[in-house]
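Here is the naming used below: chain letters follow the sequence lines, and residue numbers restart at 1 for every chain. As the structure is a prediction and not an experimental result, all values here were calculated from the model.
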Protein chains: 2
Amino acid sequence: MEITPLKNYIQTNVDFSEAELDTFCSYFTQKTVSKKDFLLKQGNICRFEGFVIKGCFRLFSLDKEGRENVLYFAIKNWWVTDIDSFTNQKPAHLSIQALEDSEILLINKTNKDRLYTELPKVEQLFRIMTQKTLVSLQRRLIRNHSDSAQERYDHFVTTYPEINQKITDRQVAAYLGITHEFVSKIRNKRMQKKIE
Amino acid sequence: MEITPLKNYIQTNVDFSEAELDTFCSYFTQKTVSKKDFLLKQGNICRFEGFVIKGCFRLFSLDKEGRENVLYFAIKNWWVTDIDSFTNQKPAHLSIQALEDSEILLINKTNKDRLYTELPKVEQLFRIMTQKTLVSLQRRLIRNHSDSAQERYDHFVTTYPEINQKITDRQVAAYLGITHEFVSKIRNKRMQKKIE
DNA sequence: TCAAAATGTTGAACAAGTTCAACAAAGGAT
DNA sequence: ATCCTTTGTTGAACTTGTTCAACATTTTGA
């Protein structure tokens, strides 16, 4: 099992001893997920929290018109779960699908609860992680209001070049909340050339 | 000092003894904030985390065109802070302003750090709080992509009637990411009548 | 390897929401 | 009470992004 990336990730957030790191990692199991396979489908209960080792996932939800809205993409060193579904063991709003052949470390609810009681510092780790995620989501929400589609596309591409290179324009569009046709028009800056 | 609302709030989230509740609350101080006064201005360092007792605040940021984007409104039982600025003691992205004469309980960084070490359960409390906030923000982001301005307005008004009644249409517009003129047109459903 | 499916491109017509301006109404401060 | 500022309303012209359709290109699966 590839635990090194997980250990490295934890160390960037909290101060764990080598023994604590081992305890932490011992509760995870590695899983291989093929391209297009689902880790979770909207409506099912999310039984895991996952740390991506390799590959790429998308977390999305279907709206009433049947359109897929992407919450985020996860490559190596990102976490994936439907927090609400996982912590309260109720039906998920989100679906999680592999966009490439991927490797992921998973922990189930029982083991995560054990971790919280056995290793109190784990509370701190997940509090800090969740805070960071919240801050970036707050900024993304505000950017969605203040920036044009063009600006949001440019921001995505420059902020996440590694992700951009793994996914299709249709997926970027579903993340930005615009149509894939418009992404195409943004990319080939024909619209700007017309103005010139 | 009015600590009852804070105690009640904590009990809905974690299992604290009466003694723990008292310890927790002892680190807070009450402050009266007049309408239009700022608790925090963008660029300054956020020195507090606050629990609203009475009144109403808005948390917003100015974009490059000078427009105010509202992240959220906070009435009684809501928390207000710029998390990133508070936890890392760096300049804030957000401004926090009272929209009414308000009462708020504040805790500073030193005391919050003391709380984390003296009362380990506080880690759990804030992890759970942050998780809940994250889940609702994730859903709001997706709604912003899938719903029309009309639908988002209706959702806001029915979800937060108490807030809606305290604020102006201009503030709602800044929260929804649309112009106040368009909110006016949505409210007086003239646009729909034209279609009929 | 070949057919089928998914992806990307482009244009024209359209819809949703913005901008600007002008005015009415309501609230605050003195 | 009164002036001044803020808020809400409405219309017309405009901009941004959507929809639909047609086609080219790439990828995938058997």
Side-chain angles (χ1 to χ4, degrees), chain A residues 34-37 55-56 58 60 63-70 73 97-101 143-157 164-196, chain B residues 34-37 56 58 60 63-70 73 97-101 143-157 163-196:
Chain A
S34 301
K35 184 170 178 172
K36 291 191 184 173
D37 279 0
C56 184
R58 64 175 180 141
F60 69 99
D63 64 27
K64 51 193 179 319
E65 275 98 31
R67 271 185 280 238
E68 295 172 347
N69 289 103
V70 171
F73 303 102
Q97 186 187 26
L99 296 175
E100 288 183 350
D101 291 344
R143 260 200 315 280
N144 281 351
H145 287 171
S146 64
D147 291 7
S148 68
Q150 166 93 264
E151 289 169 324
R152 280 182 282 147
Y153 177 78
D154 292 343
H155 182 270
F156 179 81
V157 170
N164 185 48
Q165 155 196 328
K166 286 170 176 279
I167 64 178
T168 64
D169 280 6
R170 287 172 127 88
Q171 296 302 332
V172 181
Y175 174 90
L176 296 174
I178 58 181
T179 60
H180 67 273
E181 292 96 331
F182 198 63
V183 168
S184 172
K185 285 165 190 172
I186 286 172
R187 289 208 333 157
N188 311 312
K189 314 203 177 183
R190 305 278 154 72
M191 310 191 87
Q192 294 195 324
K193 279 174 188 165
K194 274 181 189 167
I195 295 164
E196 286 161 15
Chain B
S34 301
K35 184 171 178 171
K36 292 188 183 174
D37 278 1
C56 185
R58 64 174 180 140
F60 68 100
D63 62 30
K64 51 194 180 315
E65 274 99 32
R67 271 185 280 238
E68 295 173 348
N69 289 103
V70 172
F73 303 103
Q97 187 187 25
L99 296 176
E100 289 182 350
D101 291 345
R143 259 199 315 280
N144 281 351
H145 287 171
S146 64
D147 292 6
S148 68
Q150 167 93 266
E151 289 168 323
R152 280 181 283 147
Y153 177 78
D154 291 344
H155 182 271
F156 178 81
V157 170
I163 293 172
N164 185 50
Q165 155 196 326
K166 285 170 177 281
I167 63 178
T168 64
D169 279 7
R170 286 172 127 87
Q171 295 303 332
V172 180
Y175 174 89
L176 297 175
I178 58 182
T179 61
H180 66 273
E181 292 96 329
F182 198 64
V183 167
S184 172
K185 286 165 189 172
I186 285 171
R187 289 209 334 159
N188 313 312
K189 313 204 177 182
R190 304 279 154 73
M191 311 190 88
Q192 294 195 322
K193 281 174 189 165
K194 276 180 189 169
I195 295 164
E196 289 161 13

Chemist: Please tell me which of B:Lys36 and B:Gly177 maps to the more 5' nucleotide of DNA chain C, matching each residue to the nucleotide holding its nearest heavy atom.
Modeler: B:Gly177
Chemist: Under 4.0 Å between a side-chain N/O of B:Ser184 and OP1 or OP2 of D:dG8, yes or no?
Modeler: no
Chemist: In whole Å, I'd like the distance from the CD atom of A:Glu65 to the P atom of C:dA16.
Modeler: 12 Å
Chemist: Check whether any side-chain N or O of B:Asn188 sits under 4.0 Å from OP1 or OP2 of D:dT10, and answer yes or no.
Modeler: yes
Chemist: Among C:dG17, D:dG11, D:dG17, find the nucleotide with the atom closest to the side chain of A:Arg152.
Modeler: D:dG17
Chemist: Mind calculating the distance between NE2 (A:His180) and C1' (D:dA21) to the nearest angstrom?
Modeler: 12 Å
Chemist: Output the rounded distance in Å from CG (A:Asp169) to C1' (C:dA6).
Modeler: 13 Å
Chemist: Give the nucleotide from the list C:dT18, C:dC20, D:dT18 with an atom nearest to the side chain of B:Glu181.
Modeler: C:dC20
Chemist: Ignoring the backbone of B:Arg170, work out which of C:dT7, D:dT7, C:dT9 is nearest its side chain.
Modeler: D:dT7
Chemist: Which heavy atom in A:Phe73 sits nearest to a heavy atom in A:Val172, and how many Å separate them?
Modeler: CZ-N, 4.3 Å
Chemist: Taking CD1 from B:Ile178 and C1' from C:dT19, how many angstroms apart are they, rounded to a whole number?
Modeler: 15 Å
Chemist: Tell me: CD1 of A:Ile167 to P of C:dA6, nearest whole Å?
Modeler: 18 Å
Chemist: Any side-chain N or O of A:Arg67 under 4.0 Å from OP1/OP2 of D:dT18?
Modeler: no
Chemist: So, do B:Arg170 and B:Val183 sit near enough that their side-chain heavy atoms are less than 4.5 Å apart?
Modeler: no
Chemist: Can you identify which nucleotide, out of D:dG17, C:dT7, D:dT9, has its nearest atom closest to the A:Thr168 side chain?
Modeler: C:dT7
Chemist: Starting at NE2 of B:His145, measure out to CG of A:Asp63 and round the result to the nearest 0.5 Å.
Modeler: 11.0 Å
Chemist: Any side-chain N or O of A:Arg187 under 4.0 Å from OP1/OP2 of C:dG8?
Modeler: no
Chemist: Can you tell which of A:Glu68, A:Lys35, A:Arg58, A:Lys36 makes a side chain to side chain donor-acceptor pair (under 3.5 Å) with A:Gln97?
Modeler: A:Arg58
Chemist: Atom NZ of B:Lys185 to atom C1' of D:dC14: distance rounded to whole Å?
Modeler: 12 Å
Chemist: Expressed in angstrom and rounded to an integer, what is the separation of A:Leu176 atom CG from D:dT16 atom C1'?
Modeler: 15 Å
Chemist: So, does B:Ser148 use its side chain to make a donor-acceptor pair with the main chain of B:Glu151 at under 3.5 Å?
Modeler: yes
Chemist: Out of C:dG8, D:dG8, D:dG17, which nucleotide sits closest to the side chain of A:Ser148?
Modeler: D:dG17
Chemist: Side chain of A:Lys35: nearest nucleotide among D:dT28, C:dT19, C:dT9?
Modeler: D:dT28
Chemist: Separation of B:Asp147 atom CG from C:dA16 atom P, in whole Å?
Modeler: 14 Å
